[in-house]
Amino acid sequence: MQGNLSAWLVKHGIVHRSLGFDYQGIETLQIKPEDWHSIAVILYVYGYNYLRSQCAYDVAPGGLLASVYHLTRIEYSLDQPEEVCIKVFTPRQNPRIPSIFWVWKSADFQERESYDMLGIYYDNHPRLKRILMPESWIGWPLRKDYIAPNFYEIQDAH
């Protein structure tokens with residue numbers, strides 16, 4: 001089933017894949033990493049002026065990584081803001097996705113957290129560095145194939 005945004009993108013020749021609707025009726029689209037930045041700009045111009053959230057997850061051990069964007073179209077003339085979910089999948093070897101920081105500034109810390117936890121590199125992000133883990137940390141803690149380092153917390157015996 002195709003939603004309004006997907007139909008509009010097809011009408012204008014923009015390549016994507018419809019993934020249907022979530023339990024709240026929000027349309028979900030899959031975009032290729034190489035097309036993501038230009039489509040993000042198009043969506044912003046179309047009216048999706050608010051990045052509600054960005055997150056990432058490991059699809060399966062040894063499989064793809066996904067970066068997920070929840071966009072909202074907020075206008076005074078709309079009683080109910082339109083929402084869309086965008087998923088961008090990337091291979092776990094050299095995972096790279098264009099940063100949308102320059103489209104929605106609120107992506108700053110959210111993309112940094114996805115980098116820190118899953119190792120997804122967001123090209124052209126101005127400050128892509130660890131935000132939760134120490135800079136010296138090795139590996140990506142939220143990947144399903146991550147092996148925790150063998151260390152023990154020193155505790156008081158009393």
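Since we're looking at a predicted model, the values are computed, not measured. No hydrogens, no waters, no symmetry mates; every other heavy atom, side chains included, goes into these values.
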Would you find more than 12 non-hydrogen atoms of other residues, nucleotides or ligands less than 6.0 Å from Phe21 atom CZ?
-> yes

Single-linkage hydrophobic cluster, 4.5 Å side-chain cutoff, Ile97 and Phe89 together | no

Relative to Tyr46, does Arg73 satisfy both conditions: NZ or CZ under 6.0 angstrom from the six-membered ring centre, and within 45 degrees of the ring's axis?
-> yes

Can you tell if the side chain of Glu82 reaches within under 4.5 Å of the side chain of Thr72, non-hydrogen atoms only?
-> no

Nearest 0.5 Å please: distance from the CE atom of Met133 over to the CE atom of Met117.
-> 5.0 Å

Looking only at heavy atoms, the pair that brings Ile26 and Asp22 closest together is N-OD1, 2.8 Å

Non-neighbouring partners of Pro126 that pass side-chain contact (heavy atoms from CB on, under 4.5 Å), sequence neighbours left out | Phe101, Trp102

State, without any angle test, whether Tyr122 and Ser67 hold a side-chain donor-acceptor pair at a distance under 3.5 Å.
-> yes

Closest heavy-atom pair, Gly119 versus Arg143, reported as atoms and distance to 0.1 Å, is O-NH2, 4.0 Å

N/O donor-acceptor pairs under 3.5 Å from side chains in residues 2-10, not counting sequence neighbours:
{"unit_1": "Gln2", "atom_1": "NE2", "unit_2": "Ser6", "atom_2": "OG", "d": "3.4"}
{"unit_1": "Ser6", "atom_1": "OG", "unit_2": "His16", "atom_2": "NE2", "d": "2.6"}

In terms of hydrophobic clustering (I, L, V, M, F, W, Y; side-chain heavy atoms under 4.5 Å; direct or indirect links), are Tyr50 and Ile42 co-clustered?
-> no

Taken to the nearest 0.5 Å, the spacing of Ile120 CD1 from Leu128 CG works out to 10.5 Å

Rounded to the nearest 0.5 Å, how far does NZ of Lys105 lie from CD1 of Ile100?
-> 10.5 Å

Is Lys144 atom NZ crowded by more than 12 heavy atoms from other residues, nucleotides or ligands, each under 6.0 Å away?
-> yes

CA sep, side-chain torsions, deciding dist, call: Val84, Leu29, side chain to side chain contact (heavy atoms under 4.5 Å, CB included) | CA-CA 8 Å; Val84 67; Leu29 305 175; 4.2 Å; yes

Pairing of Asp116 and Arg130 as salt bridge, 4.0 angstrom limit = yes

Nearest heavy-atom pair of Pro98 and His37: which atoms, and what distance?
-> CB-CB, 3.8 Å

Distance col, row Glu83:CD vs Ile74:CD1, nearest 0.5 angstrom, shows 8.5 Å

ILVMFWY network linking Ile31 to Val68, side-chain heavy atoms under 4.5 angstrom | no

For the atom pair NE2 (His70) and NZ (Lys87), what is the distance rounded to the nearest 0.5 Å?
-> 8.0 Å

Hey, do the aromatic rings of Tyr69 and Trp36 have their centres closer than 6.0 Å?
-> yes

Closest approach of His125 to Ala107 (non-hydrogen atoms, all atoms of both residues) = NE2-O, 4.4 Å

Could you go through the ring pair (Phe, Tyr, Trp, His ring centres under 6.0 Å) check for Trp140 and Tyr115 one step at a time?
-> CA-CA 8 Å; Trp140 315 109; Tyr115 163 73; 5.3 Å; yes

Answer yes when Asp123 and Arg96 have at least one side-chain N-carboxylate O distance shorter than 4.0 Å, and no when they do not.
-> yes

Could you tell me whether Asp145 and Arg92 have a side-chain N and a carboxylate O separated by less than 4.0 Å?
-> yes

When you look at Gln110 and Ser53, which way does the side chain to side chain donor-acceptor pair (under 3.5 Å) test go after all the steps?
-> CA-CA 7 Å; Gln110 297 174 57; Ser53 69; 5.1 Å; no

Output the distance between atom CG (Leu65) and atom CG (Asp58), rounded to the nearest 0.5 Å.
-> 5.0 Å

Tell me whether Leu132 is reachable from Tyr121 by hopping between hydrophobic residues (I, L, V, M, F, W, Y) whose side-chain heavy atoms are closer than 4.5 Å.
-> yes

Minimal heavy-atom distance between Asp35 and Ser38, with the atoms involved, is O-OG, 3.1 Å

State yes or no: do Trp104 and Ile131 share one hydrophobic cluster built from I, L, V, M, F, W and Y residues joined by side-chain heavy-atom distances below 4.5 Å, directly or via other members?
-> yes

Check step by step if side chain to side chain contact (heavy atoms under 4.5 Å, CB included) holds for Ile86 and Leu43.
-> CA-CA 11 Å; Ile86 305 292; Leu43 292 175; 4.0 Å; yes

